Number of protein chains: 2
Amino acid sequence: MVDAHARRTELAEAVWRIVVRDGLEQASVRNVAREAGLSMGSLRHYFTTQSELLGFALRLVGERIEERIRAVDTTGDQRAVVRSMIDEMLPLDRPRRGECEVWLAFTARAVVEPTMAGLRKEIDERLTDAFAAMIRRLADAGALRPGLDQKVEAERLYALVDGVILHALLRPGRTSNATAKATVGAHLDQIAPAAADER
Amino acid sequence: MVDAHARRTELAEAVWRIVVRDGLEQASVRNVAREAGLSMGSLRHYFTTQSELLGFALRLVGERIEERIRAVDTTGDQRAVVRSMIDEMLPLDRPRRGECEVWLAFTARAVVEPTMAGLRKEIDERLTDAFAAMIRRLADAGALRPGLDQKVEAERLYALVDGVILHALLRPGRTSNATAKATVGAHLDQIAPAAADER
DNA sequence: TTGTTGCTAACACAACTGTGCTAGATAAGC
DNA sequence: GCTTATCTAGCACAGTTGTGTTAGCAACAA
């Protein structure tokens with residue numbers, strides 16, 4: 001007997017592959033079942049409805065990203081720490097790019113689909129907290145430029161990163177990866193200049 | 001005889017209404033025809049394929065936004081001018097919100113659909129130019145903070161605005177509109193502080 | 001051995017999809 | 001008047017969709 005959770009994870013990963021390759025609209029129960037090498041009857045044994053399957057797949061993406069962020073070494077220069085945390089969100093390599101594409105596909109649908117809006121809101125709140133924590137981390141280390149409103153800066157950084165992710169997804173290639181890192185780097189240099197850290 | 005271009009515009013607007021109300025995946029030829037009050041045979045007289053219809057609808061959104069940006073009064077304080085231009089892109093009222101939702105739906109699909117990727121790239125280039133022009137406008141007026149790389153700042157502003165739009169779409173309501181304006185305002189204050197303009 | 005339970009497969013159903021095709025309606029040019 | 005081009009409507013086709021139902025399979029407990 002196979003662990004039920006492992007099977008569900010396998011199916012979620014099949015969803016990811018399809019979303020990345022063909023888009024969310026191709027993630028039908030039949031296609032997912034075929035991609036996972038199962039019959040659609042089997043799939044329905046683990047996920048009764050399609051939204052249940054898609055929701056599980058998205059939630060798993062969020063958990064993976066959070067896990068990687070938690071794994072970042074938080075000692076040393078706090079500007080570098082925040083930079084590393086943001087790097088874990090950017091689509092800089094294949095798996096991370098896949099995660100971001102899944103995120104985007106769900107995000108776009110959540111705008112009109114009330115079912116997904118709840119889950120999307122939950123993720124949004126988690127991310128809001130994460131970026132607030134990053135700004136607080138800079139402030140506590142005395143690295144944040146004086147006179148900045150922490151709440152506004154958290155939202156600004158959050159929006160910037162989402163925009164950078166979007167652009168990196170839409171302009172594939174090495175140069176766009178460099179642009180993404182440079183853009184985030186320039187922003188961090190602006191809100192937490194090296195000089196302010198070295199007093 | 002009705003003007004063919006007017007008919008095509010009517011159909012594009014029907015696409016928008018459906019995308020905003022039910023999402024892009026509901027924009028089937030039947031639904032669009034019904035929404036516009038035409039038979040699907042008539043629709044196919046104006047648009048042979050579905051992608052042709054959807055492409056026309058997206059292009060029209062871009063043209064409308066560009067038109068509004070061109071209409072902005074460019075005299076006076078250049079920081080205020082840039083702020084007004086960006087306001088024309090943000091989903092602050094119903095019609096602009098609709099435009100942004102259509103943009104997001106197409107954007108998400110363009111990541112995996114090669115057909116739409118071309119059009120999406122064209123729009124991206126236009127927007128890149130638009131934001132570069134905004135930064136140049138600030139620089140020429142002596143309002144841009146010294147020491148900033150204009151190319152990087154254009155990309156940073158572009159990414160920030162896209163992120164702000166995304167967040168405003170996902171968190172409907174008055175407060176999120178205020179947040180959006182505040183976030184953009186804070187960014188402009190940072191890259192073009194009032195002090196630098198008043199020497 | 002017989003049940004029982006977790007799991008897999010396969011098919012049926014009604015609804016929907018994009019596109020092709022044909023025929024009728026309307027208006028413009030002569 | 002007639003002809004021609006433009007426009008509209010409707011149906012057919014083959015395909016896909018989500019979900020429900022039914023039956024068969026393996027593994028394990030009594």
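Naming: A, B, ... by sequence-line order, numbering from 1 per chain. Not measured: the values here are computed from a predicted model.
- Considering only side-chain N and O atoms, A:Ser42 lies under 4.0 angstrom from the phosphate OP1 or OP2 of C:dA9.
- Among the protein residues, A:Thr48 comes within range of no part of the nucleic acid, since none of its heavy atoms lies under 4.0 Å from any strand.
- Where A:His45 and A:Met40 meet DNA chain C, the nucleotide closest to each residue was compared, and A:His45 sits on the side nearer the 5' end.
- Ring-plane geometry between B:Tyr158 and B:Phe131 is classed as parallel, the angle between the planes falling under 30 degrees on a 0 to 90 degree scale with a further cut at 60.
- Listed pair A:Ser28 / D:dT17 meets the phosphate criterion, a side-chain N or O lying under 4.0 Å from OP1 or OP2.
- For the OP1/OP2 pair of C:dT8 and a distance below 4.0 Å, the side-chain nitrogens and oxygens of A:Tyr46 include at least one atom meeting the criterion.
- At C:dT8, none of the side-chain N or O atoms of A:Ser39 fall inside 4.0 Å of OP1 or OP2 (strictly under the cut-off).
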Inset, instruction - Walk me through it: do A:Glu153 and A:Leu138 pass the test side chain to side chain contact (heavy atoms under 4.5 Å, CB included)? - result: CA-CA 11 Å; A:Glu153 288 309 312; A:Leu138 291 174; over 6 Å; no
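- Residue B:Arg44 places a side-chain atom within donor-acceptor reach of the base of C:dG20, judged by atom type and a 3.5 Å distance cut-off alone.
- Between B:Glu101 and B:Arg97 there is a salt bridge, since a side-chain N of the basic residue sits under 4.0 Å from a carboxylate O of the acidic one.
- The phosphate of D:dT16 (OP1 or OP2) has no side-chain N or O of A:Asn31 nearer than 4.0 angstrom.
- Between B:Trp103 and B:Leu58 the shortest heavy-atom distance is CA-CD1, 4.4 Å.
- Note on A:Arg7: every side-chain N or O is 4.0 Å or more away from OP1 and OP2 of C:dC7.
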